[in-house]
Protein chains: 4
Amino acid sequence: MSQVEPWLQELLRLNDEEEKMTEKQIKIVQAAVEIFSQKGFAGSSTSEIAQKAGVAEGTIFRHYKTKKELLLSIVAPIMTKLIAPFAVKDFTKVLDAEYPSMEQYLRAIIVNRMEFARKHFAVLKIFLHEIPFHTELREQFQETFSKLVLEKAYKAIRHFQAEGQIIELPAPTTMRLIISTIVGFLITRFLLAPNADWDEEVEIEHTIQFILNGLTLRKA
Amino acid sequence: MSQVEPWLQELLRLNDEEEKMTEKQIKIVQAAVEIFSQKGFAGSSTSEIAQKAGVAEGTIFRHYKTKKELLLSIVAPIMTKLIAPFAVKDFTKVLDAEYPSMEQYLRAIIVNRMEFARKHFAVLKIFLHEIPFHTELREQFQETFSKLVLEKAYKAIRHFQAEGQIIELPAPTTMRLIISTIVGFLITRFLLAPNADWDEEVEIEHTIQFILNGLTLRKA
Amino acid sequence: MSQVEPWLQELLRLNDEEEKMTEKQIKIVQAAVEIFSQKGFAGSSTSEIAQKAGVAEGTIFRHYKTKKELLLSIVAPIMTKLIAPFAVKDFTKVLDAEYPSMEQYLRAIIVNRMEFARKHFAVLKIFLHEIPFHTELREQFQETFSKLVLEKAYKAIRHFQAEGQIIELPAPTTMRLIISTIVGFLITRFLLAPNADWDEEVEIEHTIQFILNGLTLRKA
Amino acid sequence: MSQVEPWLQELLRLNDEEEKMTEKQIKIVQAAVEIFSQKGFAGSSTSEIAQKAGVAEGTIFRHYKTKKELLLSIVAPIMTKLIAPFAVKDFTKVLDAEYPSMEQYLRAIIVNRMEFARKHFAVLKIFLHEIPFHTELREQFQETFSKLVLEKAYKAIRHFQAEGQIIELPAPTTMRLIISTIVGFLITRFLLAPNADWDEEVEIEHTIQFILNGLTLRKA
DNA sequence: CATGAATGAGACTTCATTCAT
DNA sequence: TATGAATGAAGTCTCATTCAT
């Protein structure tokens with residue numbers, strides 16, 4: 001999964017929408033991402049963004065009606081992208097075919113999402129900070145998430161439970177435990193100790209083993 | 001540990017410093033907590049706080065030189081409180097005496113910190129949101145954390161490793177995995193699905209077992 | 001005249017009105033003088049004055065209804081004091097009796113007013129700065145000045161002109177030239193170069209000779 | 001010197017820098033000059049300035065970052081202009097060539113600076129009032145003055161002393177006496193009795209004669 | 001498309017003054 | 001008499017947004 005799977009390509013193609021953008025517009029977005037992620041949305045000023053983008057103050061509003069629209073244009077797409085790998089049409093088929101073991105599945109997810117986080121670090125940070133303050137964002141995310149991901153993820157979990165690979169906890173609990181561990185890993189890696197030079201491979205391995213062990217019955 | 005241990009009382013007593021506060025000052029702090037946690041620091045206005053507190057806007061600045069000082073007066077103490085249970089002078093003694101098994105230890109921590117999170121939910125939320133934007137906060141937290149908690153926690157981890165209760169991962173990795181799981185639990189409980197009525201006891205139990213299993217060697 | 005003349009004593013006695021003042025009130029006035037002279041009236045805050053005086057904010061307003069009243073209580077008396085030496089009831093008699101020559105008269109005035117300026121430097125500075133901005137002050141000063149000083153000074157000038165000691169310029173012109181020179185001397189001494197160590201005696205002598213020469217006919 | 005000398009033109013040309021200014025910006029400066037000179041800097045409010053300029057308050061801060069910057073933009077240039085006529089590269093040559101007698105020199109200076117004071121009355125008033133409260137202003141003025149004027153003025157004084165036109169007082173003393181008289185003249189004319197209709201020509205003549213007499217040896 | 005001067009609402013903050021204690 | 005918490009008007013300054021060029 002470190003290579004983009006065919007079934008994902010369609011989804012991902014939606015994202016490369018930097019096409020119709022003016023050169024100036026791209027600079028605006030880049031500047032906005034940088035400043036929003038440093039100071040937060042409410043703490044940033046459009047004039048500062050314009051300055052960093054090397055653009056007149058008015059130019060921003062030629063492309064985005066309001067400051068908030070600029071934010072959403074940055075943050076909304078990331079939600080879809082974030083979720084994309086899980087939004088597969090027929091999940092269990094995928095599972096059967098490609099991930100015979102939970103371990104391979106987990107490793108694929110972690111590696112893939114880590115690349116994603118590395119690439120979109122700043123935007124993800126903005127997303128995390130702003131989602132509590134913008135109802136539309138939150139609702140859109142919740143809807144997308146529960147529609148596209150939740151049931152499919154539950155299916156996958158039950159699939160591995162049925163196969164006896166993991167224990168029979170409630171699916172939401174299982175999911176919470178997995179996501180907590182992965183997100184905790186990513187946050188530590190990119191936010192808390194971005195400069196610490198650690199052995200990424202080894203940490204990933206520990207993390208995967210922790211999840212697998214955690215979800216496996218201890219033999220008495 | 002759901003009861004406050006004697007060795008904690010001193011530490012905790014530092015916190016009930018709402019003494020010298022005017023009635024109005026208390027109202028200001030309450031209003032500020034509510035509004036900051038809803039809209040974020042930069043998105044809140046002092047006039048709104050004053051209004052909600054039923055106080056003239058000038059009154060805020062009689063007690064706090066700046067809006068930011070108001071924020072810090074709210075958020076700084078929570079850092080110490082958050083860490084308090086781990087800032088024990090002689091940790092291993094405590095461990096020997098009171099927590100023969102890692103399981104008991106984990107349960108104590110989770111229950112205790114859950115009560116704490118329940119009580120200080122709003123302030124914790126503010127803390128989490130603002131810490132990336134305020135260097136002083138971040139540095140103070142890092143210092144306090146590494147001084148008071150880190151080494152002691154590592155000691156505890158090594159203690160349980162020596163006893164053969166958990167496997168020999170690097171202490172920082174072990175710690176990351178434990179904290180991720182606990183924080184993930186608390187965030188799910190209080191932030192993501194605060195209204196979902198789930199069986200807290202059972203979820204705690206699952207969480208503890210997940211951590212313990214995760215850190216225990218699978219018997220081949 | 002470096003000693004206080006008998007006819008002045010009455011006038012001067014009006015000034016030592018620090019009698020009925022509370023200890024705190026005195027401290028307030030001292031603090032106000034210091035701060036007003038450093039930052040100007042409009043640039044000073046009553047709270048700063050209270051702080052420097054070691055007094056509660058409200059205490060100032062127990063003694064002075066408004067900030068401006070505090071200013072006037074400081075500045076108004078200095079006007080009288082400043083003018084006092086010239087406000088003699090029967091001036092020409094004084095002149096005949098005590099100052100046979102213009103030179104002696106000038107020297108007396110300069111020495112005496114220099115001591116005055118040295119003592120009341122800060123208050124005089126406040127007075128000079130504030131007089132353009134406070135109509136009452138300006139009017140009161142103009143009235144006092146023209147009533148008590150102007151005619152008497154003109155009389156003295158004409159007296160010395162009649163005696164042939166100085167040339168027959170218009171009295172206002174003569175007065176302007178004398179006052180300009182003296183005030184210029186005092187401002188240089190106390191404001192522009194207060195730290196320069198110069199020979200005061202010699203400078204006074206030069207100044208007097210300049211005025212006298214300036215008002216004497218050059219012999220062809 | 002009532003006509004602008006050629007060597008001055010360059011210096012003076014620096015001043016007509018109202019070029020790049022918006023129409024509104026010019027109105028702001030005009031309003032600010034008027035209000036500052038009436039109420040002093042600290043006693044004026046930006047809202048009042050905006051109102052008198054017929055401009056939104058925000059517009060002031062688009063052109064000047066702070067209220068103080070507005071003050072300095074008004075007051076700083078006047079310092080150079082005030083001094084300009086004395087900041088000539090080779091002063092004694094000028095003296096030799098154009099002012100054979102001290103009298104002509106004095107008359108030229110007085111007339112020229114009187115026109116200047118008449119034209120820039122309000123700004124000069126602001127300058128005089130504010131210089132004690134703004135360290136930067138004071139230091140900049142002292143530096144400019146001592147660099148550009150002092151030595152040259154001393155040279156001129158010694159030039160006239162060497163020619164026997166004036167007596168051998170120390171140059172600083174001589175300068176103090178001359179400036180006191182001239183400044184006293186200007187202040188009387190424009191500040192103390194601006195409405196009194198006096199014969200300016202005659203007063204100038206008296207003032208010049210006073211200075212000349214004052215600095216000339218009385219023949220015994 | 002792009003500019004940047006202009007706006008005016010509203011942000012944070014100060015301050016003279018009042019008043020219950 | 002003295003205090004100092006409280007006030008609210010006013011101050012300086014910021015900022016998203018508009019619009020003529």
Side-chain angles (χ1 to χ4, degrees), chain A residues 22-25 27-28 41-51 53-70, chain B residues 20-25 27-28 42-50 53-70, chain C residues 22-25 28 41-51 53-71, chain D residues 20-25 27-28 42-50 53-70:
Chain A
T22 319
E23 192 188 353
K24 301 229 170 195
Q25 195 174 357
K27 276 188 186 166
I28 288 171
F41 174 71
S44 309
S45 80
T46 51
S47 86
E48 194 184 354
I49 293 171
Q51 203 181 342
V55 151
E57 292 189 50
T59 307
I60 292 177
F61 294 91
R62 201 140 279 285
H63 296 285
Y64 306 93
K65 265 206 292 292
T66 64
K67 184 188 170 194
K68 183 156 189 178
E69 197 181 293
L70 172 58
Chain B
K20 307 147 205 164
M21 278 192 179
T22 316
E23 193 188 347
K24 302 233 168 193
Q25 192 174 358
K27 278 187 187 165
I28 288 170
S44 310
S45 80
T46 50
S47 87
E48 196 183 354
I49 293 171
V55 150
E57 205 171 348
T59 307
I60 294 176
F61 294 93
R62 172 151 285 276
H63 295 289
Y64 306 93
K65 271 202 286 291
T66 61
K67 185 188 169 195
K68 182 159 190 179
E69 196 181 294
L70 172 58
Chain C
T22 319
E23 192 189 351
K24 301 228 170 195
Q25 195 174 357
I28 289 170
F41 173 72
S44 309
S45 81
T46 51
S47 86
E48 194 184 354
I49 293 171
Q51 204 181 342
V55 151
E57 292 190 49
T59 307
I60 292 176
F61 294 91
R62 203 139 277 286
H63 295 285
Y64 306 93
K65 265 205 291 294
T66 64
K67 184 187 170 194
K68 183 155 188 178
E69 196 181 293
L70 171 58
L71 171 70
Chain D
K20 307 146 204 166
M21 279 192 179
T22 316
E23 192 189 349
K24 303 233 167 193
Q25 193 174 358
K27 277 188 187 166
I28 288 170
S44 309
S45 81
T46 50
S47 88
E48 197 183 353
I49 293 171
V55 150
E57 203 170 350
T59 307
I60 293 177
F61 294 94
R62 172 151 283 276
H63 295 289
Y64 305 93
K65 270 203 287 290
T66 62
K67 185 188 168 193
K68 182 157 188 178
E69 197 181 294
L70 172 58

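Hydrogens, waters and symmetry mates are skipped; everything else that's a heavy atom, side chains included, is used.
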Return the value, rounded to whole Å, for the distance between atom CD of Glu23(A) and atom P of dA2(E). 10 Å
Taking all heavy atoms of Gly43(D) and all of Ala42(C), pick out the closest pair and write down the distance. N-CB, 3.8 Å
How many whole angstroms separate atom CE of Met21(B) from atom P of dA5(F)? 13 Å
Taking everything shown except Glu69(A) itself, do over 12 heavy atoms lie less than 6.0 Å from its CD? yes
Can a donor-acceptor pair be found, under 3.5 Å and without considering hydrogens, that links the side chain of Thr22(C) to the backbone of Gln25(C)? no
A side-chain contact here means heavy atoms from C-beta on lying under 4.5 Å apart; do Leu70(D) and Ile49(D) qualify? yes
Nearest of dT3(F), dA5(E), dT7(F) to any side-chain atom of Val55(C)? dT3(F)
Rounded to the nearest Å, what distance is computed from the NZ atom of residue Lys24(C) to the C1' atom of nucleotide dG4(F)? 12 Å
Any idea which of dG4(F), dT7(E), dT7(F) is nearest the Ala56(C) side chain? dG4(F)
Taking only side-chain nitrogens and oxygens of Thr22(B), does any of them come within less than 4.0 Å of OP1 or OP2 of dA6(F)? yes
Closest approach of Phe41(A) and Lys68(A), non-hydrogen atoms and distance? CZ-CA, 3.7 Å
Find the distance Gln51(A):CD to dA2(E):P and express it as a whole number of Å. 19 Å
Atom NZ of Lys27(A) and atom P of dC1(E): how far apart are they, to the nearest Å? 16 Å
Between P on dT7(E) and CZ on Arg62(D), what's the gap in Å once rounded to a whole number? 11 Å
How many Å lie between CD1 on Ile49(B) and P on dA6(F), as a whole number? 16 Å
What stems involve DNA chain F, if each pair must be Watson-Crick or G-U and both of its distances must be under 3.5 Å, with 3 or more such pairs in a row? E:2-21 with F:2-21
Between Arg62(D) and Glu57(A), what is the shortest heavy-atom contact and its length? NH2-OE2, 3.0 Å
Tell me, do Thr59(D) and His63(D) make a side-chain contact under 4.5 Å, heavy atoms counted? yes
How many Å lie between CD1 on Ile60(C) and C1' on dA16(E), as a whole number? 10 Å
DNA chain E: 5'-proximal contact among Thr59(B) and Thr59(A) (nearest heavy atom): Thr59(A)
Taking all heavy atoms of Lys67(A) and all of Phe61(A), pick out the closest pair and write down the distance. N-CE2, 4.1 Å
Give a yes/no on whether any side-chain N or O of His63(A) is located under 4.0 angstrom from OP1 or OP2 of dC1(E). no
Check nucleotides 9-13 of chain E for protein N or O atoms closer than 3.5 Å to its own N or O atoms and list the pairs.
{"from": "dC12(E)", "atom 1": "OP1", "to": "Ser44(B)", "atom 2": "O", "distance (Å)": "3.2"}
{"from": "dC12(E)", "atom 1": "OP1", "to": "Lys67(B)", "atom 2": "NZ", "distance (Å)": "2.7"}
{"from": "dC12(E)", "atom 1": "OP2", "to": "Thr46(B)", "atom 2": "N", "distance (Å)": "2.5"}
{"from": "dC12(E)", "atom 1": "OP2", "to": "Thr46(B)", "atom 2": "OG1", "distance (Å)": "2.8"}
{"from": "dT13(E)", "atom 1": "OP2", "to": "Lys67(B)", "atom 2": "N", "distance (Å)": "2.6"}

